[in-house]
Amino acid sequence: MNSSFWFKVPENLAEQRKQIGLLAVITVLALLPFVNKPFHIDDPLWQDFGKLFFNVDSFYTTPYYMFGNRYETIIDSPHPTVVPFINFLIFNFSDDPPEYAFHLVFLPFAVLSAAFTYCLALRFRVAPMLPALALLFSPPFFILATSLMTDVILYAFLTGSLLFYIRAVDGGDLKYLAAAVVMFSLAIATGFQALTFYAAFFLYFWIQNPRRFGYFFAMGIAVVPMILWYGYHYRLIGKFPDPLHLIVLDALSKKVQPLYFLSQFALAYVVPIGFVCAWLKPKYWKAFLISGVLAWALFKFAGHGVFADYTLTQKGVFWLGGCFTFFILWTGATRLYEGFRSDQSEQARDSRFLWSFVFIFFIVVLGFTPFATSRYFFPIMGMVYILLLSQTANLRRPVVMATLALAAVASLATAKADYNFAAFCKQFPKEVAQRVTAKDRVWFVGEWGFRAYMAKAGYPQLMREGTVKAGEFIVEPTIISRLWVDWLDFPRRLKKRLVIRTGDAINIFNYEAHAGFWGQHWGMLPFWPGNKPQETVRIFEVQPDIIPFDLLGEMGSIDFPLGQKLETVKLSGDSRSALSAGTNAPLAVKLKPGGKYNLQFGIAALAGSAGGGKPVVFRIVARSASGDVAIYETPAVPVDQSASRWIDADLSLEAFAGKPVELIFQTILPDGYQGQAYWSSINLVETEIVRI
């Protein structure tokens, strides 16, 4: 098959059908390896909604939990009804359908997304296989198409409705207008983000055919079914939904949200960068340099402190993403300005429409989304690819094909990493059962697929208002938990630390790697290569009470014999004298070679008063004879006049394996402090590697 097959606009209907058929086959073959993907991210939430669908009493009165918080009614979910309805139909065939049943039902929407992108590109006279393949081979498409969430379904309905609307306005055919109304009604019922496309409908008739203003008003019919749906339930329960009640970001996160979007627009979708490189000509270098300066200035000043622990390479990649984003927007704004001033050709009007809506959607995403995530750009990416490829004659074909090939490899790698993370969630309940046999005394925190599979295995979820008893256990993942044990004020002892490795050399969402494809919460980069663990899970045992240890009574050394694993060291003492300011309590420890250890400890700042309201700080220093030093200092502990405080912390001793190490415990008390501050529950915990 020669290259012209990919780079030309088909001349007849038979050739178009041939290309769409080939595109459908490529899409199915690309996604079939992921058809058995375990449930991940919000999949279980959508399934919960589906189980209750059409049961009005249950659907709108059953509490549900998200991120460890309780919400009293599903009516306040920030999403409408299409995906729950699809899941409802699947559950009608089986009480416990396998994963592949859901993914096979969702697969046709991925095929429709690629096909509608092809048809939209055909309308704008761009070689249609290229934008369709660019969308298909983008990492977000590979990842989102293997989920049970709204993104790909929403894209299919939105692109289909826009395509039919354009054909109606262009040709005055009412049957296409009716199809557009139906498609857009389904889009609104899939995600409220669809309402933004009313701007696209307005822009198209206004730019292309102002006499067809009635077609735009006809699209208002699409919102009627959703209004009737909620009106029906208002009549039953006397309440309208409040989908905007969720506050996801704090003030600081909201401040850096635009930085994330301005870089992710190019970075997450990978392909546009290659297209822009192919697009660059000497006349564009000035714009590219200006874009680089703008990106540097914005990230330098607005992102002050955000990138403090990012490597120089990570900062450079983040800047590069912002640079390309600014370049795309800069050149788009230039063409938009020039087109409105003079050029009235059909091609110029098409360009004005696409660029205008991309800018509007971009501004909406920057200003009105509850948090930052790469997938929020997904609805317009087909248009972005069409714009970038609108001058195919000027693009070097080998560069474009190489870009698509590299994007396909990147997409496969990221989708595989996401698949394996989901597989960890499914497998992990078995890992817990092997280590803690008392299932009736094990709680877990964590969300998404982890929550679904732990709950299915019979483990109860610990909520923010929950209570636990001494002798019970808590399982806490680090990355997929939005309720951390550290937030809960009760004494506990770390029993196990499990580092999860899936064998993937790329991270999708990981604090250490600063990878935040699913949201800025995890990092400002969408993906990042490296050998960071995919997850770290801690297993705690709840203690009866805070038992402080006075290290002044234990000035001797404790030796850990080589090759012997001792998880807990119990220190004795009269617990009567508080550590004075500046006092050191050293302990000598010898760790076995090759061991991965963490020293986990608790601290109790008992009721008292501090001079000037200053808090207590606890510090531990690990020092070997060869000069290795590691320091852990707790956050400042405020002194509470009415109750004790419990803070859990740990220090990695991995660098000291096989070496004698001296541990020095320090309590930094403010002047005038009248209370007591103790170390407590000191444990040596060996880290275990779990390979999924």
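In this text, all values refer to a predicted model and were calculated from it rather than measured experimentally.
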Original post:
Quick one: does W319's side chain have a donor or acceptor within less than 3.5 Å of a partner on G292's backbone?
Top reply: yes

By salt bridge (Lys or Arg N to Asp or Glu O under 4.0 Å), K426 pairs with (sequence neighbours left out) E99

Under 3.5 Å, side chain of T117 to main-chain N/O of G382, donor-acceptor pair present?
no

Here the ring pair (Phe, Tyr, Trp, His ring centres under 6.0 Å) pairs for residues 123-162, sequence neighbours left out, are F109-F157, Y155-F378

Any chance you could lay out the side chain to side chain donor-acceptor pair (under 3.5 Å) test for N507 and W522, step after step, and finish with the verdict? CA-CA 11 Å; N507 294 104; W522 291 280; over 6 Å; no

Taken in chain and number order and not counting sequence neighbours, the residues that satisfy side-chain hydrogen bond (donor to acceptor under 3.5 Å, both in side chains) with N420 are D504

Residue pairs meeting side-chain hydrogen bond (donor to acceptor under 3.5 Å, both in side chains), one or both in residues 133-148, sequence neighbours left out, come to K37-T146

Discussion item. Given 3.5 Å as the limit, does a donor-acceptor pair link the side chain of T311 with the main chain of Q314, or not?
Written reply: yes

Residue set satisfying side chain to side chain contact (heavy atoms under 4.5 Å, CB included) with A199, at least two apart, ordered chain then number -> F357, I360

For L329, the side chain to side chain contact (heavy atoms under 4.5 Å, CB included) test, sequence neighbours excluded, returns T325, F359, F362

Sorted by chain and number, sequence neighbours left out, side chain to side chain contact (heavy atoms under 4.5 Å, CB included) with V293 holds for none

**Report entry** F307/H514 aromatic ring centres below 6.0 Å
**Finding:** no

How about Y269 and F377: are their ring centroids closer than 6.0 Å?
no

Exercise. Is the centre of the F288 ring less than 6.0 Å from the centre of the F324 ring?
Worked result: yes

The side-chain hydrogen bond (donor to acceptor under 3.5 Å, both in side chains) partners of Y118 (sequence neighbours excluded) come to Q19

With sequence neighbours left out, the residues meeting side chain to side chain contact (heavy atoms under 4.5 Å, CB included) with S374 are Y260, Q264, A268, F517, P526

S161 (side chain) donor-acceptor with L158 (main chain) under 3.5 angstrom: yes

Residues passing the ring-ring contact (aromatic ring centres under 6.0 Å, His included) test with F39, sequence neighbours excluded, are F102

Applying salt bridge (Lys or Arg N to Asp or Glu O under 4.0 Å) to R123 and not counting sequence neighbours gives D170, D350

Ring centres under 6.0 angstrom apart (F318, Y310) = no

* **Q193 (side chain) donor-acceptor with Y376 (main chain) under 3.5 angstrom** => yes

So the salt bridge (Lys or Arg N to Asp or Glu O under 4.0 Å) pairs with at least one residue in residues 130-152 (sequence neighbours excluded) are D151-R375

Distance-only, no hydrogens or angles: does the S291 side chain make a donor-acceptor pair with backbone N or O of F327 under 3.5 Å? yes

